[in-house]
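To start, the structure under review is shown below, and the notes come after it.
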Amino acid sequence: MSMFTLNNSYKAVVIGGSAGSFQGVVKILAQLPKGFPLPIIMALHRLKHVRHGFIEALSLKSVVPVVEPDDKEPIKKGGVYLAPANYHLSVELGNNFSLSTEEMMNNSRPAIDITLGSCAYVFKDKLIGILLSGANRDGAMGMKYIKDRGGLTIVQDPAECMIDTMPKAAMALTTIDHVLKVDQIVEFFKELDKHYR
Amino acid sequence: MQDIDIVDLKRISELIYQKYNYDFRNYAMSSFKRRVQRIIDLKKLTVDGLLKRLNDTPSFINEFLDELTVNVTEMFRDPSFWRVMREEIIPAILLNHKQFKIWHAGCSSGEEVLSMAILLKEMGILNSVQLYATDLDVNIMERAKMATYPIKNMELNEKNYIRFQGAGALSDYYKEENGMAVFNKDLLANVNFRKQDLVLGEPFNKFDLILCRNVMIYFNQTLQNEVLKKFHESLFKYGYLAIGSKESLIWCDYANRFIVVNNEEKIYKKIKD
Ligand SMILES: C[S@@+](CC[C@H](N)C(=O)[O-])C[C@H]1O[C@@H](n2cnc3c(N)ncnc32)[C@H](O)[C@@H]1O
């Protein structure tokens, strides 16, 4: 029996992470089912003034190469996207990305709350939000937007997190559907994938 | 929190257009929505309260525009871009013109135009170049004219300048006064500041180089396309256009009148009228 009740109505997955999330993201991307049909949109805290290296590091083991989208780039099915350094990443109603240099939020640019919030606005209940390890509260509001609009919420199990502030903040603010270890998140993607076959 | 819906955003942009002749109707939805939300939170208003304020208090519009627009900027933002300017683009222009004109479209608080002035000064050609710096937001342009920035911003600016590998130290160009970095006003002697709306304004001059970085990201694709047309018209043939490092022209109709000169730094050249 599966521990998840899933279906094929989801249109996107959004992932937020900060300190201690890199290994988890690498593992998830490395074990992603081949041909996984949904776009995966990631906002991870990163050095503001280092433009290069991060997607290369993430892509090394990833099944799908990770892309830092340009402004207004279309969102492709199965694409894996990362918010570029020093920009906030949002999605637009016309199914494309947009970037912004707005003020930092929660001391961050990219801010996880902005990416999660705009995904929730556009994808509503067709969105899965995942929040991983991290040392601040960025992402908690975003997870609440996702839940309030009917999306599915997952956090990395605080017991497994290098720094558990971020998932705990989200758990305190809103309903989290699943608290999972990275290996279980990998299983989740495999389960979900089956519903689209 | 109550989310602002699309209908509310349309009512706001429609009112501003009808009453004040600024056109935000084709701005990118996601950032426009957050900016409106921010004003509502800041002023402790509701959507209807904001509409009423805009309708009843014409003096509110400049403040509203100042809050609505995103003015975040840095000196020597993307240092590698500025190295390409110094080592490739400006020398290429100089081959054909000893005197030329540069337009900073969306100059915000002036850090970008000041960076250009320093670059040109270090090349020894500051007096041969006419700089135009324009923005929609008149409040922020007043700050640009003062060329005075909080000292706390200078750490980042210095770091960028070092990566740009400038000729001296950034501190050669400013004095510290009361917690502010006050830049040498001579740098701005050749800068014409003017209010210019990229959406409703018409081309006002011809340029050898236009910088419009991190401005069109706030527009939707329809508007990007229209504004690119105006830039095309405002450039001499073989003039250059620089956009932000994560922007792209490829989805614009006019893209085929340009060639890519530097893909990493997003520098284009007009090759067809
Ligand atoms: C983020 S700043 C860019 C500053 C600088 N170019 C940089 O890259 O750091 C964007 C600027 O574009 C201006 N802007 C937005 N819409 C505009 C319009 N329709 N016409 C002219 N300027 C506009 C804003 O007022 C703001 O100062």
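A, B, ... follow the sequence lines: proteins, then strands. Residue 1 opens every chain.
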Within 6.0 Å of CD in E155(B), more than 12 heavy atoms from elsewhere:
no
Charged N to carboxylate O below 4.0 Å: is that the case for E103(A) and R35(B)?
yes
Which one of G244(B), A28(B), S31(B) has the most heavy-atom pairs closer than 4.5 Å to chain A?
A28(B)
In Å, rounded to the nearest 0.5 Å, how long is the span from CG of L156(B) to NE2 of H49(A)?
4.5 Å
Tell me whether N7(A) at atom CG has more than 12 heavy atoms from other residues, nucleotides or ligands lying less than 6.0 Å away.
yes
Rounded to the nearest 0.5 Å, how far apart are CG of L93(A) and CE of M29(B)?
3.5 Å
Candidate pair S118(A) and R34(B), rule side chain to side chain donor-acceptor pair (under 3.5 Å), full reasoning:
CA-CA 9 Å; S118(A) 88; R34(B) 281 194 299 273; 5.1 Å; no
Once rounded to the nearest 0.5 Å, what's the spacing between atom OH of Y121(A) and atom CD1 of I6(B)?
4.0 Å
Need one label for S98(A): side chain, backbone, both or neither, based on atoms under 4.5 Å from any heavy atom in chain B.
side chain
Are R77(B) and Y87(A) in a cation-pi setup, meaning NZ or CZ lies under 6.0 angstrom from the ring centre and within 45 degrees of the ring axis?
yes
Find the distance between CG (D70(A)) and CD1 (I243(B)) and round it off to the nearest 0.5 Å.
8.0 Å
So OG of S80(B) and NE2 of H52(A): to nearest 0.5 Å the spacing works out to 6.0 Å
Atom group of N86(A) that falls short of 4.5 Å from chain B, counting heavy atoms
both
Output yes when a side-chain donor or acceptor of E92(A) lies under 3.5 Å from a complementary backbone atom of S30(B), and no otherwise.
yes
Just wondering, are more than 12 heavy atoms of other shown residues or ligands nearer than 6.0 Å to NZ in K48(A)?
yes
Using a cut-off of under 4.5 Å for heavy-atom pairs, which of N160(B), N214(B), I250(B) has the most such pairs with chain A?
N214(B)
Within the structure provided, determine whether D71(A) and K246(B) are in side-chain contact (heavy-atom separation under 4.5 Å).
no
Compare every heavy atom of P74(A) with every heavy atom of W251(B), then report the nearest pair and how far apart it is.
CZ3-CD, 4.0 Å
Counting only heavy atoms not in K43(B) (residues, nucleotides, ligands), do more than 12 fall under 6.0 Å from its NZ?
yes
Run the salt-bridge test on R51(A) and E264(B) with the 4.0 Å N-O cut-off and return the result as yes or no.
yes
Pick from R163(B), K159(B), K33(B), E247(B): which one has the most heavy-atom pairs with chain A under 4.5 Å?
K33(B)
Tell me, out of T73(B), D78(B), N71(B), who's got the most heavy-atom pairs with chain A below 4.5 Å.
D78(B)
Just how far is it from atom CE of M216(B) to atom CG of L99(A), taken to the nearest 0.5 Å?
13.0 Å
Closest-packed option against chain B by number of heavy-atom pairs under 4.5 Å, given G117(A), S90(A), P69(A):
S90(A)
Which portion of K266(B) sits near chain A, non-hydrogen atoms under 4.5 angstrom:
side chain
Can any side-chain N or O of K72(A) pair as donor or acceptor with the backbone N or O of N220(B) at less than 3.5 Å?
no
Tell me, yes or no, whether the heavy-atom count around K77(A) atom NZ, taken from other residues, nucleotides or ligands under 6.0 Å, exceeds 12.
no
